[in-house]
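Presented below is the structure to which this report refers.
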Amino acid sequence: MRFDIITLFPDMFSAIKEEGVVARALKKLLLEIHTWQLRDFTDNKYRNVDDKPYGGGAGMVMQVKPIRNCINQIKQENPKTKVIYLSPQGQKLTHQLADEISQLESVTLLCGRYEGVDERVIERDVDMEISIGDYVISGGELAAMVLIDSVSRQVPGVLGNAQSLNDSFANGLLDYPHYTRPEIIDAQQVPEVLLSGHQANIDEWRADQAHKNTQKKRQDLIKK
């Protein structure tokens, strides 16, 4: 799967390109990440990509032309790419949406800054707006990294063990509790069923605990 990222801060993406699950997937050639410096697509000597908003108000707005020029360049290399704008106004990123995106060959992630992008970009050039939550951050780069990580996990071969996909939200519930050695620490005991070796009982306990965990922490998921 290929990710193209339109950003003013391409160096931020070294965090996921050099460490962790995504970095290992890049080394195994299961993923590609290409960053595009938006300032390279301006036509002014100051390389400005923003201007004052029509109608007045605080902040600056990212201009249409450099963004459209960059998207057109990406589509010359990769015509099938789907353009996603990271925006607090987008549909919320969920496990199910990440799984749907992972079925695509290629996505282009547009990282906004300032007050956001000119609405005409959203109307003509963007296929989907996605939000990582009901809050505002300084730019789309961190949101893009979250999306890349969550989507990449669904790509076959990225996770060493396919069972690792059976995580929170995979079946609409939160995950069950996890334990490791030692068996007892500070008078806290690992549940006996996990030491029994009886897989059917373990599976039943885990399913029950996942439901209880969700009911305790996220009743909104139970209602769904």
Side-chain angles (χ1 to χ4, degrees), residues 1-38 67 70-71 73-75 77-113 116-117 121-122 125-175 210 218 221 224:
M1 185 174 183
R2 171 171 169 152
F3 296 93
D4 288 276
I5 305 162
I6 302 172
T7 174
L8 294 174
F9 301 100
D11 290 344
M12 289 182 67
F13 291 89
S14 61
I16 59 170
K17 291 168 70 175
E18 297 174 9
E19 302 286 348
V21 169
V22 173
R24 292 195 295 272
L26 290 171
K27 289 179 181 177
K28 292 195 290 185
L29 305 181
L30 296 172
L31 302 176
E32 293 181 49
I33 294 179
H34 303 269
T35 54
W36 300 76
Q37 171 54 263
L38 185 59
I67 296 173
C70 186
I71 291 174
Q73 179 65 43
I74 293 170
K75 287 189 172 181
E77 295 187 14
N78 201 13
K80 294 182 179 180
T81 192
K82 298 294 183 183
V83 179
I84 296 174
Y85 174 43
L86 285 309
S87 161
Q89 298 184 26
Q91 63 177 302
K92 194 172 291 186
L93 180 62
T94 63
H95 177 88
Q96 289 71 27
L97 181 56
D99 188 45
E100 290 174 20
I101 295 171
S102 74
Q103 310 300 317
L104 302 173
E105 293 181 17
S106 168
V107 294
T108 294
L109 304 178
L110 172 58
C111 301
R113 282 273 160 177
V117 306
V121 170
I122 298 171
D125 304 283
V126 169
D127 297 299
M128 186 187 308
E129 288 184 80
I130 292 180
S131 167
I132 61 169
D134 293 340
Y135 51 88
V136 177
I137 53 179
S138 299
E141 285 79 11
L142 292 175
M145 285 185 252
V146 169
L147 186 146
I148 290 169
D149 190 283
S150 62
V151 169
S152 296
R153 292 171 56 84
Q154 312 304 315
V155 175
V158 169
L159 296 181
N161 187 341
Q163 288 187 336
S164 297
L165 287 171
N166 298 324
D167 212 332
S168 289
F169 309 111
N171 61 356
L173 299 174
L174 299 182
D175 205 0
R218 291 288 302 275
L221 295 177
K224 287 181 181 180

Reported [atom1]-to-[atom2] distance for the pair [X] and [Y], which is rounded to 0.5 angstrom:
{"X": "L26", "Y": "S152", "atom1": "CG", "atom2": "OG", "answer": "7.5 Å"}
{"X": "L109", "Y": "W36", "atom1": "CG", "atom2": "CH2", "answer": "13.5 Å"}
{"X": "M128", "Y": "Q91", "atom1": "CE", "atom2": "CD", "answer": "6.0 Å"}
{"X": "E77", "Y": "T108", "atom1": "CD", "atom2": "OG1", "answer": "10.0 Å"}
{"X": "I130", "Y": "Q89", "atom1": "CD1", "atom2": "CD", "answer": "14.5 Å"}
{"X": "M1", "Y": "E105", "atom1": "CE", "atom2": "CD", "answer": "9.5 Å"}

List for me each residue that meets side chain to side chain donor-acceptor pair (under 3.5 Å) alongside S106, sequence neighbours excluded, and say none if there are none.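 Partners of S106 by the side chain to side chain donor-acceptor pair (under 3.5 Å) criterion, ordered by chain and then number, come out as N78, T81.
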
Closest non-hydrogen atom pair between [X] and [Y], with its separation:
{"X": "I122", "Y": "Y85", "value": "CD1-CE2, 3.8 Å"}
{"X": "A144", "Y": "L86", "value": "N-CG, 3.9 Å"}
{"X": "V155", "Y": "S102", "value": "CG2-CB, 4.3 Å"}
{"X": "G112", "Y": "V117", "value": "CA-CG1, 4.5 Å"}
{"X": "L221", "Y": "G172", "value": "CB-O, 3.9 Å"}

Given side chains that start at C-beta, do those of [X] and [Y] come closer than 4.5 Å, heavy atoms only?
{"X": "C111", "Y": "I5", "result": "yes"}
{"X": "I132", "Y": "L147", "result": "no"}
{"X": "I148", "Y": "L31", "result": "no"}
{"X": "L97", "Y": "K92", "result": "no"}
{"X": "R2", "Y": "H34", "result": "yes"}
{"X": "H95", "Y": "Q154", "result": "yes"}
{"X": "V151", "Y": "F3", "result": "yes"}
{"X": "V126", "Y": "V121", "result": "yes"}

Qualifying side chain to side chain donor-acceptor pair (under 3.5 Å) pairs, either residue in residues 137-151, two or more places apart: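 The answer is T7-E141, R113-E141.
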
Can you pull the side chain to side chain donor-acceptor pair (under 3.5 Å) pairs that have at least one residue in residues 9-28, sequence neighbours excluded?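 Side chain to side chain donor-acceptor pair (under 3.5 Å) check on residues 9-28 returns no pairs.
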
Polar side-chain atom of [X] near backbone of [Y] as donor-acceptor pair, under 3.5 Å:
{"X": "D127", "Y": "V83", "result": "yes"}
{"X": "Q103", "Y": "D99", "result": "yes"}
{"X": "Q37", "Y": "L8", "result": "yes"}

